[in-house]
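One-based numbering along the sequence shown.
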Amino acid sequence: MSPNDTETPSGRRIATRLGALRVREVGSGPPAVLWHSLFVDSTTWQRMESRLAAERQLIVVDGPGHGSSGDAGHDYTLDDCAGAASDVLDQSGVTEPVDWLGNAWGGHVGAAFAASEPDRCRTLTAVCAPVHALEPAVRRQMRASIPVYRLLGPIRPFVETLTHGGLLSPHPDPEDAQLVADAFRRADRRGMARAMTCISLRRTDLTPMLPAVTVPTLMIAAADDPLWRPEQARAAVRAMHRATTITVPGGGHVEPLLRSAPLLAQIIIAFWRAPPGVLAGSHGEPASREPRRD
């Protein structure tokens with residue numbers, strides 16, 4: 001453990017360029033980094049974590065301003081997030097390439113990490129991670145919401161927006177809605193407001209970055225996610241060298257991790273196990289048959 005690390009009951013707080021980030025290590029095997037969506041935290045991985053941990057040593061990160069990680073103290077970019085992930089790996093003594101698994105924001109950070117440090121990234125899996133910038137209507141809503149959130153915090157209208165049509169489908173399972181709401185409510189308010197500004201409002205179109213991602217990549221889209229449709233994922237992988245896409249059931253960006261956890265874990269593990277080079281030159285859906293459900 002680095003002298004800059006701090007042990008907590010639920011993991012370590014590791015000093016990075018974006019402040020102290022809470023990190024948990026679970027399982028054994030080759031390393032895999034897990035980075036969650038904006039607005040929630042690493043609890044969204046919990047329904048598939050045991051399955052993934054049977055295959056990999058999971059390095060589970062709470063991004064700045066989320067979960068048990070505090071505010072970065074300054075504005076930042078996706079490249080800064082990728083750099084913070086490198087800081088985590090350095091201080092954890094991880095020298096071999098990692099399998100990156102990211103949900104929404106985590107997928108964006110993973111693309112930046114894979115593009116900037118290809119020797120440290122074995123594969124990239126991005127779950128419900130749109131590569132385009134926010135659509136104008138969503139941008140206007142976000143711009144109006146941030147000052148209200150700074151003043152009032154996670155009030156009911158914000159929570160309901162996330163749990164009913166935002167990160168989940170319009171009529172979510174109550175347990176799913178509770179998990180998302182709890183994650184949003186426990187975030188550092190200053191850090192969350194900063195993340196909303198830096199990572200959502202200021203997010204640019206990532207399409208120009210895609211050709212620089214040369215590692216095997218799996219982009220997963222949810223069938224009923226209005227902000228990242230399967231056809232958009234198919235267009236994105238055509239801009240990449242070794243990428244493929246698959247569609248899973250679900251609505252918003254986070255719902256597939258909760259409602260389809262066994263299926264999603266099965267898909268991810270199969271991708272991790274694939275022989276090196278199997279995706280070279282591959283585009284589009286990886287198989288004509290649906291993976292077996294648990």
Side-chain angles (χ1 to χ4, degrees), residues 10-12 14 22-37 40-63 67 85-86 88-89 92-107 109-111 113-114 117-129 179 213-222 242-250 254-280 282 285-287 289-294:
S10 56
R12 290 189 290 157
I14 296 180
R22 197 284 295 267
V23 178
R24 290 185 298 112
E25 295 184 12
V26 185
S28 60
V33 174
L34 277 61
W35 191 301
H36 57 81
S37 171
V40 289
D41 58 29
S42 57
T43 59
T44 51
W45 301 111
Q46 64 187 16
R47 296 186 190 172
M48 67 175 68
E49 195 170 280
S50 62
R51 291 178 171 86
L52 300 179
E55 296 281 330
R56 294 290 188 273
Q57 179 190 19
L58 307 181
I59 302 166
V60 188
V61 180
D62 275 342
S86 293
V88 168
L89 296 177
S92 299
V94 176
T95 58
E96 62 186 294
V98 302
D99 292 296
W100 186 287
L101 171 57
N103 176 214
W105 176 26
V109 179
F113 179 79
E117 300 205 51
D119 292 341
R120 300 197 79 171
C121 190
R122 177 179 175 270
T123 66
L124 166 64
T125 302
V127 183
C128 300
L179 188 153
V213 178
T214 57
V215 302
T217 299
L218 174 61
M219 283 198 169
I220 299 174
R242 304 169 68 191
T244 192
T245 183
I246 194 167
T247 301
V248 297
V254 173
E255 190 166 84
L257 275 63
L258 307 177
R259 287 296 89 198
S260 303
L263 173 63
L264 193 59
Q266 180 184 332
I267 292 169
I268 293 164
I269 290 169
F271 179 64
W272 285 346
R273 289 177 176 176
V278 72
L279 290 178
S282 175
E285 297 285 347
R289 63 183 184 279
E290 184 178 5
R292 181 180 59 82
R293 297 175 184 269
D294 284 3

Evaluate W45 against V26 for side chain to side chain contact (heavy atoms under 4.5 Å, CB included), listing each step before the verdict. CA-CA 12 Å; W45 301 111; V26 185; over 6 Å; no

Does [X] reach the side chain of [Y], with side-chain heavy atoms less than 4.5 Å apart?
X: D99; Y: T125; value: no
X: I268; Y: L52; value: yes
X: V248; Y: I220; value: yes
X: F113; Y: V98; value: yes
X: M48; Y: L257; value: yes
X: P30; Y: Q57; value: no
X: P249; Y: R259; value: no
X: M219; Y: T217; value: yes

Which atoms form the tightest heavy-atom contact between [X] and [Y], and what is the distance?
X: R24; Y: G11; result: CG-CA, 4.0 Å
X: V215; Y: A114; result: CG2-CB, 4.0 Å
X: A129; Y: G107; result: CB-CA, 3.9 Å
X: G67; Y: D62; result: CA-OD2, 3.5 Å
X: R242; Y: T214; result: CD-O, 3.1 Å
X: C128; Y: N103; result: CB-ND2, 4.2 Å

Between V33 and L101, does a side chain to side chain contact (heavy atoms under 4.5 Å, CB included) hold up when you go through it step by step? CA-CA 6 Å; V33 174; L101 171 57; over 6 Å; no

Measuring from L264:CG to E255:CD, what's the distance to the nearest 0.5 Å? 12.0 Å

What distance do T43 atom OG1 and L179 atom CG have between them, rounded to the nearest 0.5 Å?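 Here the interatomic distance stands at 4.5 Å.
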
Please report the C-alpha distance between E55 and R273 in whole Å, then the side-chain angles of each, then the deciding distance to 0.1 Å, and finally whether the salt bridge (charged side-chain N to carboxylate O under 4.0 Å, His left out) criterion is met. CA-CA 9 Å; E55 296 281 330; R273 289 177 176 176; 2.3 Å; yes

How about R12 and S92: does a side-chain donor come under 3.5 Å of a side-chain acceptor?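 Their side chains do contain a donor-acceptor pair, which is all the 3.5 Å distance test asks for.
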
Would you say the side-chain atoms of R22 and S42 include a donor-acceptor pair closer than 3.5 Å? yes

Candidate pair I59 and L34, rule side chain to side chain contact (heavy atoms under 4.5 Å, CB included), full reasoning: CA-CA 6 Å; I59 302 166; L34 277 61; over 6 Å; no

Determine, step by step, whether T123 and F271 satisfy the side chain to side chain contact (heavy atoms under 4.5 Å, CB included) criterion, reporting the C-alpha distance in whole Å, the side-chain angles of both residues, the deciding distance to 0.1 Å, and the verdict. CA-CA 9 Å; T123 66; F271 179 64; 3.7 Å; yes

Residues passing the ring pair (Phe, Tyr, Trp, His ring centres under 6.0 Å) test with W105, sequence neighbours excluded, are W35, H36, H66

Using the side chain to side chain contact (heavy atoms under 4.5 Å, CB included) rule, pick out the option among P97, P31, S86 that qualifies with R120.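 Considering P97, P31, S86, a side chain to side chain contact (heavy atoms under 4.5 Å, CB included) with R120 is found only for S86.
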
